Amino acid sequence: MRQPRRSSEVAKNKFGSIDALVNNAGIYFSKPFTDYTIDDLRSLTSVNIEGFLFMSQLAIKQMLAQETGGSIVNITDDFWSVTQSPV
C-alpha cells in the first residue's frame, strides 16, 4: 500500500487534485502456468490485483473529497490467450 499512497500524494501535490486514473499496470510470466511458483503468484497478485484495488480506492476517496467527480479507466489485455499453447 506504500507505493499507491505515495503515487496518490505526488499526484495531489503536483496537480492539486485527482480527476482521472488509468489502471494499466500489470505483469505476466512467460513460462507455462504449471511452472508458476508461490513467489510468482505473490508478484502477480501484488501488482495485478492489489495495485488496481489500492490505487482505485485512493483515487475514488480523493475524487469524493473534491466533490468534482472523476474518471477511472481499467485496461486489460488478452495477451495470455495468444501466447499460451493449448493444453
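The residues of the chain are indexed from 1 along the displayed sequence. In this text the structure is predicted, and so the values were computed from the model without any measurement.
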J.: Would a single hydrophobic cluster contain both Val47 and Phe33, if residues Ile, Leu, Val, Met, Phe, Trp and Tyr are joined by side-chain heavy-atom contacts under 4.5 Å?
T.: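 Same hydrophobic cluster.
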J.: With distance as the sole test, does Asn48 use its side chain to make a donor-acceptor pair with the main-chain N or O of Ile27 at under 3.5 Å?
T.: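 Checked: pair present.
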J.: Assess the side chains of Asp39 and Thr37: does a donor N or O sit below 3.5 Å from an acceptor N or O?
T.: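 Side-chain D/A pair, Asp39 to Thr37: absent.
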J.: Checking side-chain contact (heavy atoms from CB on, under 4.5 Å) for the pair Asp35/Phe29: CA distance, chi angles, key distance, verdict?
T.: CA-CA 10 Å; Asp35 292 341; Phe29 299 106; over 6 Å; no
J.: From Glu50 CD over to Arg42 CZ, what is the distance, rounded to the nearest 0.5 angstrom?
T.: 11.0 Å
J.: In the hydrophobic clustering (ILVMFWY, side-chain contacts below 4.5 Å, transitive), which residues join Leu64, or is it alone?
T.: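 Besides Leu64, the hydrophobic cluster comprises Ile18, Leu21, Met55, Ile60, Met63, Ile72, listed by chain and residue number.
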J.: Listed by chain and number, what are the salt bridge (Lys or Arg N to Asp or Glu O under 4.0 Å) partners of Asp40, not counting sequence neighbours?
T.: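 If we apply the salt bridge (Lys or Arg N to Asp or Glu O under 4.0 Å) test to Asp40, skipping adjacent residues, the hits are Lys31.
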J.: Is there a salt bridge (Lys or Arg N to Asp or Glu O under 4.0 Å) between Glu9 and Lys12? Walk through the geometry before answering.
T.: CA-CA 5 Å; Glu9 291 299 321; Lys12 287 188 293 188; 3.1 Å; yes
J.: Is Val10 isolated, or which residues cluster with it under the ILVMFWY side-chain rule of less than 4.5 Å, directly or via members?
T.: none
J.: Taking all non-hydrogen atoms of both residues, which atom of Ser56 and which atom of Phe52 are closest, and how far apart?
T.: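 Closest pair (atom of Ser56, atom of Phe52, distance): OG-O, 2.8 Å.
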